[in-house]
There are 2 protein chains.
Amino acid sequence: MSTDNKKKEGLVPEPSLRRMPTYLAYLKMAKNQNQQFVSSTHIARDMGVDPTQVTKDLSYTSIVGKTRVGYEVEPLINILEEFLGFRTIDEAYLFGAGSLGNALLLDHGLSQFGLKIVAAFDVDANIIGKEIAGVPIYHMDDFHKMQEEKQVNIGILTVPSEYAQKVAHDIVDGGIKGIWNFTPMRIRLGEDVVVQDTSLYAHLAVMFNRMQYLKK
Amino acid sequence: MSTDNKKKEGLVPEPSLRRMPTYLAYLKMAKNQNQQFVSSTHIARDMGVDPTQVTKDLSYTSIVGKTRVGYEVEPLINILEEFLGFRTIDEAYLFGAGSLGNALLLDHGLSQFGLKIVAAFDVDANIIGKEIAGVPIYHMDDFHKMQEEKQVNIGILTVPSEYAQKVAHDIVDGGIKGIWNFTPMRIRLGEDVVVQDTSLYAHLAVMFNRMQYLKK
DNA sequence: TTTTATTAACGAAAATTTTCTTTAAAAGAA
DNA sequence: TTCTTTTAAAGAAAATTTTCGTTAATAAAA
Ligand SMILES: NC(=O)c1ccc[n+]([C@@H]2O[C@H](COP(=O)([O-])OP(=O)(O)OC[C@H]3O[C@@H](n4cnc5c(N)ncnc54)[C@H](O)[C@@H]3O)[C@@H](O)[C@H]2O)c1
Ligand SMILES: NC(=O)c1ccc[n+]([C@@H]2O[C@H](COP(=O)([O-])OP(=O)(O)OC[C@H]3O[C@@H](n4cnc5c(N)ncnc54)[C@H](O)[C@@H]3O)[C@@H](O)[C@H]2O)c1
């Protein structure tokens with residue numbers, strides 16, 4: 001009797017996934033320096049992590065290393081990018097074109113990582129109808145209509161915290177399957193939606209806490 | 001023989017620290033709704049997490065709950081903010097006033113979480129001498145001189161990835177003790193510096209990966 | 001050719017984090 | 001008052017993640 005109760009069975013560990021983009025950044029630098037191979041030993045030394053952790057992390061992808069040589073840089077970059085979903089561009093809507101939303105709209109970097117913001121939604125009459133970095137800003141009320149024409153899966157949530165839950169619920173209703181949540185609020189949604197919390201304040205909290213131990 | 005080899009002994013777990021700001025956001029909302037008490041059960045239900053995890057996380061602070069009642073909202077907010085270092089304002093320098101750097105400069109929110117950016121440094125002649133949100137932008141070369149007058153501990157790193165290691169090394173030389181690193185690069189520094197990596201791409205990678213399992 | 005050194009891969013062990021279980025306290029109902 | 005229900009707290013167990021140890025492959029040196 002297979003207890004396939006949808007627990008995280010065989011999922012790639014989240015810590016590994018989080019480390020992979022840092023390997024990618026390292027590898028791109030190695031490529032720029034015309035290195036053809038890198039070993040886990042070198043990656044680990046340069047990045048200040050454990051070499052077996054590098055090997056284990058990379059083993060979740062399809063790359064195979066060569067004993068006494070390491071990994072071939074260019075294929076590894078390609079495989080990692082493919083594995084992480086940075087190669088296929090996903091379209092996204094941005095909800096809340098305020099301070100942080102603007103920054104994300106202005107960022108050229110995101111498209112290199114597989115994300116393209118195709119429209120923004122807000123409720124502030126002063127900005128609706130305008131464009132930021134070529135991305136049009138619509139009223140929230142137009143969201144459902146837009147979704148009928150153009151099915152977009154990903155929503156970037158940068159509204160004020162107090163509206164996070166409401167807006168999240170609303171956009172999932174409209175067919176959004178993945179929410180990149182920048183508010184410090186946890187949002188509660190069904191099992192069929194992925195919510196990725198990215199609270200900058202969480203990182204600040206960790207930094208402050210760890211710094212306390214230095215000061216002594 | 002005490003093996004006090006500076007391993008993480010008795011440190012507050014990083015996952016707990018990361019969750020704490022989300023409790024704070026929840027509590028502030030509860031306060032706005034004039035709730036005087038909240039129980040871990042309610043927090044957990046509303047936030048979609050495990051109730052004992054809430055209790056355990058909060059137990060790292062000095063708060064004590066009341067059986068059959070829960071925690072008093074206002075003291076808990078105060079204690080959490082104090083515990084997380086959000087109450088005492090730390091000054092910070094920003095390095096790299098580009099796209100992301102600008103967003104952080106324009107953000108009013110940060111000061112509510114204990115961080116105040118007092119100056120920015122860059123190498124782009126077009127922006128040096130200007131101000132963004134009242135924060136002056138200086139040339140990198142002026143950093144060491146500035147540090148002599150005004151000791152600042154925290155550096156926010158938003159330079160292009162390829163300069164991350166170099167700039168990090170340089171600012172630690174000038175006395176920076178904590179680096180909030182927004183580049184996707186891991187940087188290698190001595191034991192007496194705290195580096196907090198905040199790579200947005202890491203979060204994207206996790207989101208894309210988890211979304212794959214929905215699509216099936 | 002033989003030896004030595006380096007490294008990927010794999011499984012085991014250790015450490016960490018989360019979840020479960022139990023206990024005791026106390027508010028509210030009977 | 002006594003009983004029932006809710007909840008914090010503390011410790012145990014389970015799950016997850018990291019680190020360690022071993023093996024086999026192979027490039028380079030002798
Ligand atoms: N600004 C930052 O750098 C920063 C950093 C970390 C976290 N955050 C978090 O990100 C969120 C947004 O922060 P911000 O500084 O950009 O705030 P902001 O006030 O500048 O922007 C919020 C935007 O959302 C819009 N909005 C309000 N209600 C809406 C609704 N129902 N639907 C659609 N849009 C709506 C507002 O009109 C505004 O344009 C907050 O939760 C904040 O805590 C921001
Ligand atoms: N823009 C984003 O939203 C975003 C998102 C995630 C991660 N990042 C990362 O943040 C970093 C910066 O991104 P960005 O988009 O702001 O880049 P950007 O090019 O817009 O800004 C970088 C700034 O750093 C300055 N700079 C360059 N060399 C410097 C030096 N030696 N000392 C001081 N300043 C220097 C540049 O003049 C520029 O103003 C990158 O590593 C990027 O990957 C950015």
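Every chain is numbered from 1, with letters handed out A, B, ... down the list of sequences. FYI, side chains are in, hydrogens and waters are out, and symmetry mates aren't considered; it's all heavy atoms of this structure.
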Contact list for [range], test salt bridge (charged side-chain N to carboxylate O under 4.0 Å, His left out), sequence neighbours left out:
range	result
residues 90-100 of chain A	A:Glu91-A:Lys150
residues 57-72 of chain A	A:Arg19-A:Asp57
residues 151-166 of chain B	none
residues 96-122 of chain B	none

*Between A:Tyr71 and C:dA9, does any side-chain N or O lie under 4.0 Å from OP1 or OP2?*
yes
*Establish, with yes or no, whether the OP1 or OP2 oxygen of C:dT19 is under 4.0 angstrom from a side-chain nitrogen or oxygen of B:Gln53.*
yes
Return the value, rounded to whole Å, for the distance between atom [atom1] of [X] and atom [atom2] of [N].
X	N	atom1	atom2	result
A:Arg45	C:dT6	CZ	C1'	12 Å
B:Asp57	C:dT19	CG	C1'	13 Å
A:Asp50	D:dG21	CG	C1'	12 Å
A:Leu58	C:dC10	CG	C1'	15 Å

*asked:* Please verify the inter-ring angle class for A:Phe182 with A:Trp180; under 30° counts as parallel, over 60° as perpendicular, anything in between as tilted.
replied: tilted
*Parallel, tilted or perpendicular: rings of A:Phe95 and A:Phe121 (30°, 60°)*: parallel
*Does any residue of residues 26-44 of chain A have a heavy atom under 4.0 Å from DNA chain C, and if so, which ones, in number order?*
A:Ser39, A:Ser40, A:Thr41, A:His42
*Give, ordered by number, those residues of residues 13-25 of chain B having at least one heavy-atom distance below 4.0 Å to an atom of DNA chain C; if nothing qualifies, reply none.*
B:Pro13, B:Pro15, B:Arg19
*Looking at residues at least two apart in the chain, or sitting in another chain, which of them share a salt bridge (charged side-chain N to carboxylate O under 4.0 Å, His left out) with A:Glu81?*
A:Lys28, A:Arg87
*Partners of B:Glu14 by salt bridge (charged side-chain N to carboxylate O under 4.0 Å, His left out), sequence neighbours excluded?*
B:Arg18
*Ignoring hydrogens and angles, does a donor from either the side chain of A:Lys56 or the base of D:dT19 sit under 3.5 Å from an acceptor on the other?*
yes
*Contact state string [nucleotides 21-30 of chain C, B base, S sugar-phosphate only, - no protein heavy atom under 4.0 Å]*: B---BBB---
*Check side chain to side chain donor-acceptor pair (under 3.5 Å) between A:Thr52 and all other residues, then give those that pass, not counting sequence neighbours.*
A:Asp50
*With sequence neighbours left out, write down each residue that passes side chain to side chain donor-acceptor pair (under 3.5 Å) with B:Thr183, or none if nothing qualifies.*
B:Asn181
*For A:Phe113, check ring-ring contact (aromatic ring centres under 6.0 Å, His included) against everything at least two apart and list the hits.*
A:Phe86, B:Tyr201
